[in-house]
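Since this is a predicted model, take the numbers as computed values, not measurements.
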Amino acid sequence: MSAAPGTRIRARGPPRSCWARRWPRPLRDRRRPTPQRGMTARVALVLVSHSAELARGTAELAEQMAPDVLIRGVGGGPGGGLGTSLDAVQKALGDVLTTLADSAARDDIGTGGGPDGGGVVVLGDLGSSVLTVEAALELDESLTEHVVLARAPFVEGAVAAAVTAHGGADLATVLESANASVRMFAAVEAARSPEAGGPRSEGESDGGAGGETESSRTVTVRNPLGLHARPAALVSRKVAELGATVTIDGVDASSVLQLMALGATQGRELRVEATGERAAEAVATVVEMIHAGFGEV
């Protein structure tokens with residue numbers, strides 16, 4: 001049917017499916033956000049994988065746990081398939097170092113000064129990705145002042161390093177956190193072994209080594225999903241600020257990986273223990289976080 005003369009007709013595109021309305025664009029179509037002003041982390045991460053999807057996915061996971069850390073995923077060969085690209089790795093390292101330098105100049109954060117300052121921790125997923133990173137460092141020796149290569153599991157190391165960097169740690173500390181992730185399961189198994197000892201009574205005492213104050217309490221997990229990734233990251237970041245050594249069911253509460261490996265689900269009773277001058281405050285803080293349910297109850 002023809003429209004009357006002078007009538008404006010709006011062009012209509014093809015109908016959108018219910019899936020198009022309901023779901024956001026795929027991860028691969030999203031642009032990575034530009035680091036925000038006031039970024040506190042002085043150490044960034046570059047994750048090099050044979051798969052572009054794996055690199056992006058691991059970066060997104062780590063970003064969820066450490067939003068103040070600059071994390072760049074680099075994956076795939078020059079032709080877009082599986083593999084690694086020296087050019088892509090070199091470009092990523094240059095871009096990240098430039099961003100860190102700009103952020104430091106703007107916000108007065110130290111990001112230079114060798115291995116004890118800031119810089120970039122790089123993780124590779126398999127042997128040839130590690131070789132690609134090593135080649136990039138050999139071709140530009142100036143990078144070695146600010147870039148270090150971790151020898152760690154790809155996903156676990158990235159998460160551990162990101163959470164540590166989020167707390168403002170220096171390059172050497174973030175590197176050690178990534179490398180230590182390989183020992184995560186051994187630490188959890190050791191805490192569960194009979195030789196670890198049974199629970200001590202609740203309360204405070206001054207009988208710790210060197211006269212340190214000790215404190216302990218129990219708390220029941222209330223949120224349905226328990227200590228999954230986000231709550232574990234919140235607890236580990238808070239513990240890093242508390243000035244005390246804290247354990248939860250015998251594992252290091254400053255380690256997001258060890259907390260997740262506990263598999264603590266709703267209804268499980270956890271024992272929180274701490275030593276140090278602020279032991280009682282640390283225990284009370286962690287117990288309150290767990291009891292509150294991390295905003296999920």
Side-chain angles (χ1 to χ4, degrees), residues 27-28 30 32 41 43-78 80-93 95-97 119-138 143-144 146-167 169 171-189 228-230 232-233 236-237 252 254-263:
L27 174 63
R28 63 179 175 272
R30 299 179 193 166
R32 291 180 58 82
V43 176
L45 305 181
V46 171
L47 311 179
V48 182
S49 171
H50 285 69
S51 164
E53 295 290 344
L54 177 57
R56 282 193 290 263
T58 305
E60 184 181 33
L61 175 64
E63 284 174 343
Q64 290 295 315
M65 300 189 183
D68 288 343
V69 180
L70 175 59
I71 304 172
R72 180 72 55 84
V74 185
L82 294 177
T84 55
S85 167
L86 177 60
D87 289 342
V89 171
Q90 290 175 316
K91 184 178 185 304
L93 291 174
D95 290 347
V96 168
L97 286 170
V120 182
V121 173
V122 186
L123 290 98
D125 62 347
L126 294 172
S128 59
S129 62
V130 172
L131 293 176
T132 301
V133 175
E134 290 176 338
L137 297 179
E138 289 175 2
L143 291 176
T144 59
H146 309 291
V147 179
V148 292
L149 176 61
R151 307 289 181 175
F154 189 63
V155 177
E156 291 86 347
V159 169
V163 173
T164 302
H166 188 278
L171 187 61
T173 304
V174 176
L175 176 63
E176 172 56 28
S177 180
N179 290 339
S181 66
V182 73
R183 301 189 294 272
M184 170 191 66
F185 292 108
V188 173
E189 290 303 315
H228 60 94
R230 188 185 66 85
S236 65
R237 295 202 312 246
D252 181 2
S254 67
S255 169
V256 62
L257 297 178
Q258 291 188 34
L259 291 180
M260 288 191 293
L262 282 175

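- Here the side chains of K91 and V74 are not in contact, with every heavy-atom distance at 4.5 Å or above.
- Heavy atoms only, all atoms of each residue included: A161 and A178 are closest at CB-CB, 3.9 Å.
- Closest non-hydrogen pair, A169 versus V43, comes out as O-CG2, 3.5 Å.
- Between A160 and S181, the shortest heavy-atom distance links the atoms CB-CB, 4.3 Å.
- Considering all non-hydrogen atoms of both residues, L171 and H146 come closest at CD2-O, 3.9 Å.
- By the 4.5 Å heavy-atom criterion applied to side chains, E134 and L131 are counted as neighbours.
- Residue L137 holds its CG atom at 11.0 Å from OG1 of T132, rounded to the nearest 0.5 Å.
- Heavy atoms only, all atoms of each residue included: V121 and L175 are closest at CG2-N, 4.1 Å.
- Looking only at distances, no side-chain donor or acceptor of R56 sits under 3.5 Å from a matching main-chain atom of G75.
- Evaluated for a side-chain contact (heavy atoms from CB on, under 4.5 Å) with L54, the options L82, L47, D125 yield exactly one hit, D125.
- In this structure, CG in L70 is found 8.5 Å from CD in E63, a value given to the nearest 0.5 Å.
- Using modelled atom types, one side-chain atom of N179 and one backbone atom of R151 make a donor-acceptor pair closer than 3.5 Å.
- A side-chain contact (heavy atoms from CB on, under 4.5 Å) with R72 is found for one member of V48, V122, L45, V96 and no other, namely V96.
- When all heavy atoms of A233 and M65 are compared, the closest pair comes out as CB-CB, 3.8 Å.
- Atom OG of residue S49 and atom CG of residue L123 lie 11.0 Å apart, to the nearest 0.5 angstrom.
- Side-chain contact between L97 and L143 is present, with heavy atoms from C-beta onward closer than 4.5 Å.
- Side-chain atoms of V89 and T84, non-hydrogen and from C-beta on, never get closer than 4.5 Å to each other.
- Not a single salt bridge (charged side-chain N to carboxylate O under 4.0 Å, His left out) links E156 to another residue, sequence neighbours left out.
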